[in-house]
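Here is how names work: the chains are called A, B, and so on, in the same order as the sequence lines, proteins then strands, and each is numbered from 1. Because the structure is a prediction, the values reported are computed rather than measured.
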Protein chains: 2
Amino acid sequence: MGTQKKTTIKDIANVLGLTPSAVSKALNNHPRISEKTKVSVQQVAKNLNYQPNHLASALRKGKSNLVGVIIPRANSNFFSAVLQSIEDVLHEKGYNIIISQSYESFEKECRYIDALLFTQVDGIIASMANETTDFSYYEKIKSKGIPLILFDRGENALGVDYIGIDDYKSSHLIVDHLVSQGCKRIAHIAGFSHTRIYKNRIKGYEDALEKHDLPLDDALVYECKLTKQNGREIMEQLLEQPNRPDAVYVAGDYAALGALQVLKEKNISIPDEIAIVGFGNEPFTSLVTPSITTIEQHSTEIGRLTAEAFLRRIEEAAIPPTLNKMILEPELIVRDSSDKK
Amino acid sequence: MGTQKKTTIKDIANVLGLTPSAVSKALNNHPRISEKTKVSVQQVAKNLNYQPNHLASALRKGKSNLVGVIIPRANSNFFSAVLQSIEDVLHEKGYNIIISQSYESFEKECRYIDALLFTQVDGIIASMANETTDFSYYEKIKSKGIPLILFDRGENALGVDYIGIDDYKSSHLIVDHLVSQGCKRIAHIAGFSHTRIYKNRIKGYEDALEKHDLPLDDALVYECKLTKQNGREIMEQLLEQPNRPDAVYVAGDYAALGALQVLKEKNISIPDEIAIVGFGNEPFTSLVTPSITTIEQHSTEIGRLTAEAFLRRIEEAAIPPTLNKMILEPELIVRDSSDKK
DNA sequence: TATATTTGTTCCAACGTTTGAACAAAAGTA
DNA sequence: TACTTTTGTTCAAACGTTGGAACAAATATA
């Protein structure tokens with residue numbers, strides 16, 4: 001009991017008095033195999049409880065049907081939704097997915113890239129860790145000649161496919177909205193500007209302020225890792241300034257929550273004294289009081305497009321080596337934290 | 001450019017005038033290979049940018065070093081924490097992990113089990129979907145002779161290793177606490193009783209009521225999928241009853257949140273009129289107002305133990321075929337939703 | 001010096017599947 | 001009837017690695 005020997009294609013062949021190659025062809029629906037043989041092979045395969053050995057066929061075909069996905073963490077509404085969407089599309093096409101969470105660590109990311117390459121994945125889909133500024137490991141993927149697709153956290157410099165939302169425009173949506181609510185002094189708790197998406201959000205914020213003839217004040221912009229704790233600390237610093245902001249655009253929902261909590265603790269009215277806008281539409285933004293205005297990133301769509309980009313690269317081999325960049329439209333979801341009614 | 005041929009062990013052999021098997025042995029640190037040869041093999045391997053072909057060695061060795069993990073969803077604090085912990089332990093030992101999310105669907109779960117078996121994983125770690133009542137697919141794993149480890153959502157009947165917390169005791173902790181707050185009519189929004197963990201929570205709830213000489217009232221117990229929406233709907237039904245409860249023990253945090261929202265909308269004071277207790281310690285339970293009393297499940301510990309159980313099964317082959325059940329102590333985290341001060 | 005042991009390597013078969021070439025038999029065309 | 005085409009199958013090699021058996025050379029033991 002337990003470890004009975006696994007049935008192979010050879011066992012089926014023996015039962016039917018065929019060769020293994022005939023059985024293989026029958027199972028793969030080869031046109032030269034007779035209908036009769038195919039049927040009996042199927043039959044025997046089922047009887048013997050045959051499971052094809054993926055390793056052997058992957059080795060022979062030079063294709064593992066495994067795709068590596070590297071994300072900062074699965075425990076985030078955005079990433080898990082993208083993941084689900086990628087899974088749906090790729091499982092459909094017979095791919096299995098190896099998920100690795102970098103937890104924003106560059107070192108882990110590198111190790112996982114090595115592990116995935118070692119496992120002979122057919123391609124890698126990734127959203128970079130915040131820490132990552134050195135792309136040599138990603139170059140390694142490219143140099144192996146296997147498809148690399150980036151989403152959300154990407155880097156154009158690599159010249160690979162990228163799917164994300166328009167961060168620059170998101171900032172405009174937010175600033176426009178805050179100005180329409182009568183805000184005049186808008187602070188920005190930003191992500192680190194070495195990451196493209198955060199740089200774009202900062203640029204969008206600055207340009208939007210300029211558009212509305214509002215002055216740019218360096219004292220109102222802070223770069224951080226966008227944790228809840230960062231949000232708390234920076235909000236406290238903002239409150240100590242002689243000339244307080246009347247709105248804070250926070251480039252991440254967790255940090256926005258931290259900022260919100262500080263204001264609540266100090267009994268500063270939201271949004272009347274200070275309005276808050278977050279980014280990412282994490283589920284809790286609609287659950288807290290007041291609910292937080294934020295940006296929806298169309299995660300399902302991003303996942304689908306990412307998976308499709310991968311499939312295109314696989315199928316079309318090395319046909320279009322040009323960078324394929326897809327940028328989705330952001331959507332502003334106005335909630336209580338910025339809606340003065 | 002791009003798809004240059006991959007270097008194999010053979011290429012290294014050619015460069016050094018050795019045989020492939022000597023190179024293989026050198027790379028695997030075989031005792032019979034001279035130090036000198038090992039060094040030069042390493043050297044050439046590095047120069048040629050050699051990556052061992054995992055597929056080939058897995059095929060030859062009959063071991064893929066891949067472990068399948070099936071969870072209801074990654075987008076949950078509990079599961080993602082368990083996952084991280086499993087990853088940490090197994091990556092350390094050279095395993096890669098294939099994660100599949102069942103989204104509580106029995107059908108998906110079955111498909112993923114097949115896909116994982118097909119991929120020749122060395123073992124499967126799973127937490128069952130709520131829907132799952134038919135275990136034949138899990139029997140299939142057992143019959144293949146590969147290790148199966150269950151956590152949180154498991155089933156003893158399968159006779160496989162199981163790691164979880166003491167649900168029965170959790171209910172006692174909760175009821176004891178509510179009684180100490182003066183609650184006398186405690187409702188229970190439960191999970192489906194065909195799932196072992198929810199059955200145990202229900203049993204614990206009933207026994208704890210009895211312990212405190214409180215009457216059991218069937219009208220106060222509802223089974224559901226424990227979504228936020230379920231929580232809302234059942235809370236509304238509870239409020240319509242002539243004899244309202246003064247506390248609700250909800251077997252999941254999301255449903256607890258739904259219940260909480262209904263009470264807030266109807267301006268029913270929490271915890272004075274009705275106290276709420278959830279289950280799982282999801283991050284949002286500390287973020288909402290009022291914060292929600294809940295049960296911490298020691299996810300990191302569960303993950304570690306689960307991974308270690310897997311390793312034990314792999315290493316000790318078929319040595320101890322007995323069921324190995326590990327039950328951790330739950331921890332009650334008292335917050336505003338039940339703390340009458 | 002003859003024999004036994006150790007050391008370093010090669011040889012070969014295997015893991016399970018796939019695939020193109022080869023081949024015989026059947027069917028179609030002249 | 002002779003020849004081409006089609007159909008169904010077998011043959012053999014390959015994918016890259018591994019590991020036991022075999023073997024020769026070097027070293028140790030008697």
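The neighbour count for A:Lys63 NZ, taken as heavy atoms of other residues, nucleotides or ligands under 6.0 Å away, is above 12.
At whole-Å resolution of the value, CG in A:Asp11 and P in C:dC15 are 11 Å apart. For the pair B:Lys10 NZ and C:dC11 C1', the interatomic distance rounds to 14 Å; values are reported in whole Å. When rounded to the nearest whole Å, the span between CD1 of A:Ile12 and P of D:dT9 equals 15 Å. Between the CG atom of B:Asn65 and the C1' atom of D:dT17 there is a distance of 14 Å, given to the nearest Å. One interatomic measurement links the two molecules: CG of B:Leu59 to P of C:dA13, which rounds to 18 Å at whole-angstrom precision. Atom CG in A:Leu16 sits roughly 10 Å away from atom P in D:dT10 (whole-Å rounding). B:Asn53 places its CG atom 8 Å from the C1' atom of D:dT17, with the value rounded to the nearest Å. As rounded to whole Å, 18 Å separates atom P of C:dT17 from atom NZ of A:Lys63.
With C:dT19, C:dT17, C:dT9 as the candidates, the nucleotide lying closest to the side chain of A:Thr8 is C:dT17. Here the side chain of A:Lys61 is nearest to one of C:dT17, C:dT19, C:dC11, namely C:dT19.
Considering every non-hydrogen atom in both A:Thr7 and A:Asn49, the closest pair reads OG1-O, 3.5 Å.
At a threshold of 4.0 angstrom between heavy atoms, the contacts of B:Leu18 are confined to the sugar-phosphate backbone, with no base atom among them.
The stretch residues 20-37 of chain A touches DNA chain C through A:Ser21, A:Ser24, A:Lys25, A:Asn28, each having a heavy atom under 4.0 angstrom from the strand. Remark: nothing in residues 40-52 of chain B comes within less than 4.0 Å of DNA chain C through any heavy atom.
Taking the side-chain hydrogen bond (donor to acceptor under 3.5 Å, both in side chains) definition, one finds that B:Glu104 meets it with B:Arg73, B:Arg153, sequence neighbours left out. Residues that satisfy the ring pair (Phe, Tyr, Trp, His ring centres under 6.0 Å) test with B:Phe310, not counting sequence neighbours, are B:Tyr95. The salt bridge (charged side-chain N to carboxylate O under 4.0 Å, His left out) search around B:Lys25 returns none, not counting sequence neighbours. Residues that satisfy the side-chain hydrogen bond (donor to acceptor under 3.5 Å, both in side chains) test with B:Asp114, not counting sequence neighbours, are B:Lys140.
For the residue pair B:Thr37/B:Ser40, the side-chain donor-acceptor check at 3.5 Å is not satisfied.
Taking CE of B:Met326 as the reference point, atom CD1 of B:Ile302 lies at 10.5 Å (rounded to 0.5 Å).
By the 30° and 60° cut-offs, the orientation of the rings of A:Phe106 relative to A:Tyr137 is perpendicular.
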